[in-house]
Amino acid sequence: MIRTPYRLTRRGLLGHGLAAGGLAALPATRALAQTSDEGGRLRARLYADIQNLDPAFWTSASDALVMECIYAFAMQFETGTDQFTAQPVAFSRIEQVDDTHIEFELHEGIMYSGDYGEMTAEDVKFSYERIADPEVDSPYAEDWAQLDHVEVTGKYSGTIVLKAPFAPLFNSTLPATSGIILPQAAIEAAGGQFTTEPPVYSGPYRIRSWEPRTRVVLERNPDFTLFEVEFDEIELIPIEDPKTAELGFEAGDIDHAQTSISSMARYAETPPARGSFQRFTGLNYYWLGMNEGNADLADQNIRRAIQHGISREAVVEAAYLGAAEPAAGIIAPGLTGHREANLYDYDPERARQLLDEAGASGLRVSLAIQQTAEDLAAAQVIQALLADIGVMVQIDQYESGTFWSLGVESEGDQWRDLQLFLFSFTMQPDPSWATVWFTPAQVGVWNWQRFDNAEYAELHRAAASELDTEARAEMYVRMQDLMEESGDFVFLTFEPVGILTADGVEDAMRPDGTPILPRFTRS
Amino acid sequence: MTQTDDILSVDGLSVSYATPTGTLRAVRDVSFTIGRGEIVGLVGESGCGKSTLMQSILRLLPGAARIEGGAIRLSGEDLAHAPKKRMRQLLGDRISVVFQDPMETLNPVLTVGRQMIDIQHRSRESRAAKRARAVAMLKRVKIPDAETKIDSYPHEFSGGMRQRVAIAMALMAEPDLLVADEPTTALDATLEIATIDLLRELQEEIGCAILFITHHLGVVAELCDRIDIMYAGALVESGPTMEVFRDPRHPYTQLLFACDPAQIAEQRRHLPSIPGSLPDLIDLPQGCIFAGRCPRAEDRCRTEAPAPRAAGGSEQVRCHFADAPRLEVPA
Amino acid sequence: MLSYGLKRLGLSVAVVVIVIAALFVMIYAVPGDPARVALGPRASDALVAELRARLGLDLPIWSQILRFYGSILQGDLGRDVISGAPVLKVILAQLPDTLRLVGGAMLVAVVPGIVLGVISATHRGSAIDRLTSVLSVSVMAVPSFVIAIYLLLIFSINLGWFPAIGAGQGFWDVAHRLVLPSLALGLAWIGYTARILRASMLEVTGQSHVRTARAFGISDRRIMYDYVLRIAILPTITVLGLGIGQMLSGAVFAEIVFGRPGIGKLVYDAILARNYPVVTGTVLFTTVFFVAVNLAADLLIAWLDPRVRHDLAH
Amino acid sequence: MSALLTVRDLHVRFNTGGPLARALGRDTHIEGVAGVDLDIAPGETMALVGESGSGKTTLARAVAGLGGDITGEVLFDGKPVAGRTGGEAKALRRDVAFMFQDAVSSLSPRFTIRGLIEEPFRIHGQPIPEGEVERLLGLVGLSAEMADRRPHELSGGQARRVGVARALALEPRLVIADEPTAGLDVSVQSEVLNLLNDLRERLDLAILIITHNLNIVRHVADKMAIMYLGRFVEIGETQAIFAQPRHPYTKALLSANPIIDAEARRDRIALEGEVPSLTQRPEGCEFHGRCPFARDLCAREAPDRTREPARSYTCHFPLEEEAPA
Amino acid sequence: MTLHTDPAAAPSRRTKPRGALARLVADPLGALGLTLIALTVLGAALAGLSPHSPTGLSPLDRFSGPTAEFWLGTDNLGRDLFTRVLYGARVALALSIGATALALVFGLVTGVAAGFGPRWADNILLLILDAMKSVPTVMLALVLVTFTGPSLWAVVLVVVLVNGPAYARMARTQTLAIRNADYIEAERSLGAGGARIVFAHVLPNILGPILILAAMDIPIVVGIEAGLSFLGLGVRPPAPSWGTILYDGFSYIRDSAWMVIAGGIPIVITALGFTFLGEALRDTFDPKLAKR
């Protein structure tokens, strides 16, 4: 339903053409799982239907969730911990020899489906270089931004050679879809790329049937030997609205589900019948952006006044009904670069004073939001808070397609009219995912604040190649300071993730609450 | 009044309707008989109760109507209080009807043949035999090409033909009594005559009695052995057609005949009429029902209702002055 | 009959042609470049240009509209901008679930509707007639989504008798999950069916030929079914024909409230995603479906009613 | 006597087909009136007689300028009825009054009787003299208290009187009365006819009366025309025609009058079959298919009009004078 | 012309025509309808008397059930639902009556024009009305809102386009019927011009049935507004519309059922009120319409 918060994955943001257009319309990271004991079938909710299962061109986290089931990943994040630790899967060994050389060795006997034989180091070379290849024009090329080439040293072994040190490699590239290894012959047989009909499987499951918008049924891949899987089948059902999924869970249809954030407090208090509730600290960051390119907001003091005028606690409380804490930045707790404190907190006195000084009494601004219950609740609180300091807010709700075009220059001139907006981005566990959107290069693309800071840009570039964690963390904290000082941002929260799991199912979750379905077991 | 060789005898019948403003006494104390093979014309103007009378005989009265008293006997059997089931047995078997509007009297979505077979629902004959009877009957009413026309729908017949089909249906069971409710009113003059001729012809063959309801005096004169004249729910005069036409005894009958241009021999620019209007049947006047419009009315007429009596050639006349000389009717 | 059929068909085609033109104008009237809107902000100019060419947006408008007609004639309703799949295929994939829902709703509407209509007409003016009338207008008045939400609240959430979401698999599961949405969608049409049937039965009962049938001693039962219902059912067919079409699109609420896949959900998601080809394709599809069902109903009536058959022949 | 209304070779056509039939080039026209001549002088009453569908009403409406696809000549007071505009058209409306068959439904249902009677004055922008409504009501024999009633509260006879009052409000010179007694009881129909006749005498009105009731015609009409399939098979002085019809159809109509006189019945002409459809007019004499006296010639050749001093008719073998029955 | 043979069917002049309102109230359905509408209107009129603000937030009070203070409970932001429902009545009434009036004007103008215009214009108009009618209601509404964007005016446009054709068709049919009615012929025979015929004779006669039709359509309009708002495509959320209350309520249906109950009940009350009134109006003033 409409209340599904649409959020971007970074991958989507890097996309182009159809991929980006499609992605803008689709929510991410909303995957719920459901199970039933009978027949060993695990039923998982997808927040949207699958669209593209090609590692170089996939579009949404739903796709990623399915890809995790049907392909052998190079590495995977450990589940059941609160630390992001990637473990090799297809690789039997992976070793950083120096800043730019990583040696790997594949397990022997990983068989592709069809006649594509055994997985070899040649496949690794093909797969990674394919994504990096400018000819292929993959939206995910940046995952391999520093890849020079992959050197094959044996049937199962080789070396990843980088042009420069690349911090995100183990945080987000290899443990995610860009680490998937597919055979060249299969891709070529499919004509260079494919969408929803994979030419080859290498993972624990393969697709048995797909009824668009209704269900995807996966069945156990008998050739897969890397780890044991418990369920014979996984049924993935697209249900966009998490509240609908909650109803399904409670009605006994779904046994493992991600809740909407605003339902978390209720579940924390009263766990569902026949199941349990878990809370994860999510990585998604949620903020109020202000367009400094808009004439009414050009004065930094006005933006500062709005920063002071908003009680983040009140907004977060109203939107998430007590399920989340106010944030002081865009990098979630536990990640490198997490910032502990804000610079400009709720201070209506100061806000009114600033507005007076700016001569902006009776200011009227518009607040653009999407059609979600949470955005709407947050917006109405902001409306009330700003009214208190004398700023009248008009809430403009947009359906997602329009919303995602509001600040984009290539869409026309409407970016000039954009004033305040509520935004939420998702990310992988590397701080560079968070900061990339606010560089000067992104102004008018995804940097709708039109926050333009040279120091920030330089820090972002440098931090990607900084391998020293502490130094890197300092750089990211500084970047967030710069963001806040500009007056363009009111950091609101990191969206927590609530998971419902039915009795009888043992889930396998990444620290950010993302399920790894093939690792699910019966308890 | 009941005689054994009467097919129908209506005795003191009263029918009323419940209306929002009171009880409307549509038919009051009406008595008449129809002998075997007799054709009786029931004549009257709008609102005289002739249709109510017809509906009472057939027991097809609308829900608001109630038979208040009297009897309707078919060969001695009281229809006014017969159970519905018994009525169903009689209708279409011993009593048949032809209604006024030939355009609407037949079911539009069933073929004529199907309807003619349906009405033989009492017979245990085969469908084919019923059909053959239907065809034969259509031929008797001079439907050309009856074998094929029988599979046509009513709207595929012309108005005159439809009325003949209706007559065929009514007479197929060779009933004792045919009730014909203004069967020629909607027809053009030439068709009216043809229909009357046909009815007379069939009546002679079958020998049924006919109660012919009409407001057209000429038709009665043409067809009927006897005439019953109603006014405002009461039977004011009845007798043999020739006698009554020659010497009507009730002032209403006299005036009615005088008004009919057909009855006026010499051409005259100015025609007579009956001034005044019908009495209120909810709030009935005392005395004679016609007193309000009667040129002959005296005080007695306004207080005392006349009892029916024989006068002149008429068997029943409801008038205190039934024997008085015929009224002079100025134009 | 044939010429009537052709005439009705021609009229239906004309109606569809006009609807297509109107849709086209609407697409044309959308502010901004439809290709850009469809592809999203980050699409490369080359890609936008390619889509423009594919959609024929660079041609003059009359040529575009002809192309539009041409492609629709070939069953090409465009492509889903998100998945790239042909819109017709996307719609057809969703159709079965919605048709099952509409079928369920029809069942909900027709059976009680006809029974209530007949009872009402045969007991005209009685307490049961008045009750039925009030119930009929009541269910017609209340919007189906309000009914859907209340059904969900009562029977799924509070009582837990019926599943809250999904279309299900396997006959019994599917049937079980159809109950509440069918009820929500079909309830109003009980009213429509009962009312129209009552009214037309009363009208037919008052017609002279029914009196004729009575006058021939044909039993009330026989008259009711052979003489009254047979004619009175005809307007009901028209209403139900309308009903099928309206339900097909009205399913959007039931599908959203009960989390079901289907046409309504498809178009709703497409609206939110500005997936214009899917929106217009679905509208067009449901319109054609609607027109076709009504045409079929009209032809059925013409076929069942010799009067119409006759009038048409002349 | 100079004619007030003159009709020459009037044809009225109808289109029965839709656009599709027209596009297919089918001729879908039928002639409801197929060439009639007619003259009415002031103070004269002319009756149009015929069975349903014979074209009586069509003719009357065409004459009154109330529509139809007309060819031929219709002159009122020497000037063509067609093609009038502005004041001339209005004047025609004032001079020619039309009384409709269905009296009740020809009165606008939301108006009071007063409003309805004032309507002609308003339409023609004439002042309404004080007490005029009451005067007109009195003229047609209705009490003044009727003025506040509405049409549905009137009886058929009363409605017809209102129709007459309206028709006479502006003192017309020709009244066309379409079945003025249809649906009226015998006791009432005379009142309406007498009323018309009184007014005719008083105002020197010409009256065109359409009816299928020959008994009325005999009394009220100076002249009569018998229509069959849109044509006059016989037209002339009423007395002459009643005395001796020339055309077999006239005779059939006159004799199809149920009467009490048993002797008269024997002289009756029984017609065969039914009126042919206007779309398939018979060859030759159009009446030959139903005519008991038809001969070969009748089927081949249409008869010319035979003119006598008191009448004209179209028949190859006109009925001759015979011994009175 | 048939003769009156059934005395009960003959118009009785004895019944003194009573006042329209009295006749309506005498009909139990009419009385109930008027009561329900009066409730709605009263609610709308008295909304300002509520001690609560329809938009004021009070997060601590959220998801309250009915209490002495909050008669219908509160929503997710702690706003008093009863107050919001009352203010919502203003939106619903203003919109449904306003939009219906517009649709009525549209329908009357096009319908009468079609009825009186030349045949070809009538045919074209009829075809267009047919085409409008051929798009299923919900689809028409959705596609319009897709292209106009959600707003109050979009809802009005939807109402005009959804209901207008029905009025136009009815106006056309009635005009055609009246156009050929004897009394129009009679007026023409008296020399009445087109304008006089339309305004004095046609409009007064077709207005009644169409007004009744419109009264019976008001629930549909309330439904359209609430439905579109429920889908997030109608009235913009800060305004307290019943549809948006349902919209919010459906999101939080597990947190508090009171929001959907509060949002739905006034829709039911208004819909029933206008439907009952329409039925009664029709039964009282225009039994011929009963078939619809």
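Sequence lines set the chain letters: A, B, ... in the order given, protein chains first and strands last, and positions in each chain run from 1. Predicted model, so just to flag it, every value in this text is computed and none were measured.
Contact residues of residues 200-214 of chain D toward chain B are D:Arg200 (heavy-atom distance under 4.5 Å). Near-neighbour residues of residues 45-58 of chain D relative to chain B, defined by a heavy atom under 4.5 Å from a heavy atom of that chain, comprise D:Thr45, D:Glu51, D:Ser52.
Between B:Tyr252 and B:Tyr231, the ring planes are tilted. Angles from 30° to 60° get that label.
In this structure, no portion of B:Pro144 lies under 4.5 Å from any heavy atom of chain D. For chain D, no part of B:Ala194 is nearby; none of its heavy atoms comes within less than 4.5 Å. B:Ile274 touches chain D through backbone and side chain together, each having a heavy atom under 4.5 Å away.
Looking at heavy atoms from C-beta onward, D:Phe293 lies in side-chain contact with D:Leu319 at the 4.5 angstrom threshold. Two residues are said to be in side-chain contact when any heavy atoms from C-beta on lie closer than 4.5 Å; B:His216 and B:Glu182 fail this criterion. Residues D:Phe232 and D:Ile226 fail the side-chain proximity criterion, which asks for heavy atoms closer than 4.5 Å. Taking 4.5 Å as the limit, some side-chain heavy atom of D:Ile113 sits within range of a side-chain heavy atom of D:Leu137. D:Cys298 has its side chain out of reach of D:Cys291: every pair of non-hydrogen atoms, C-beta onward, lies at least 4.5 Å apart.
Using a 4.0 Å cut-off between charged nitrogen and carboxylate oxygen, D:Arg311 and D:Glu237 do not count as a salt-bridge pair. A salt bridge links D:Glu44 with D:Lys223; the closest basic N to acidic carboxylate O contact falls under 4.0 Å. Using a cut-off of 4.0 Å between Lys/Arg side-chain N and Asp/Glu carboxylate O, B:Arg140 and B:Glu205 are scored as salt-bridged.
Between chain D and the residues B:Lys142, B:Glu192, B:Met161, B:Arg269, the largest count of heavy-atom pairs under 4.5 Å involves B:Arg269. Among B:Leu191, B:Leu217, B:Thr190, the residue making the largest number of heavy-atom pairs under 4.5 Å with chain D is B:Thr190. Ranked by heavy-atom pairs shorter than 4.5 Å toward chain B, the options D:Asp198, D:Leu253, D:Leu193, D:Val220 are led by D:Val220.
Checked against salt bridge (Lys or Arg N to Asp or Glu O under 4.0 Å), D:Arg231 has the following partners two or more places apart in sequence or in another chain: D:Glu286. Applying the salt bridge (Lys or Arg N to Asp or Glu O under 4.0 Å) criterion to B:Asp197, with sequence neighbours excluded, gives B:Arg200.
Paired with B:Val40 under the rule side chain to side chain contact (heavy atoms under 4.5 Å, CB included), one option of B:Asp228, B:Thr241, B:Val220 passes, and it is B:Asp228.
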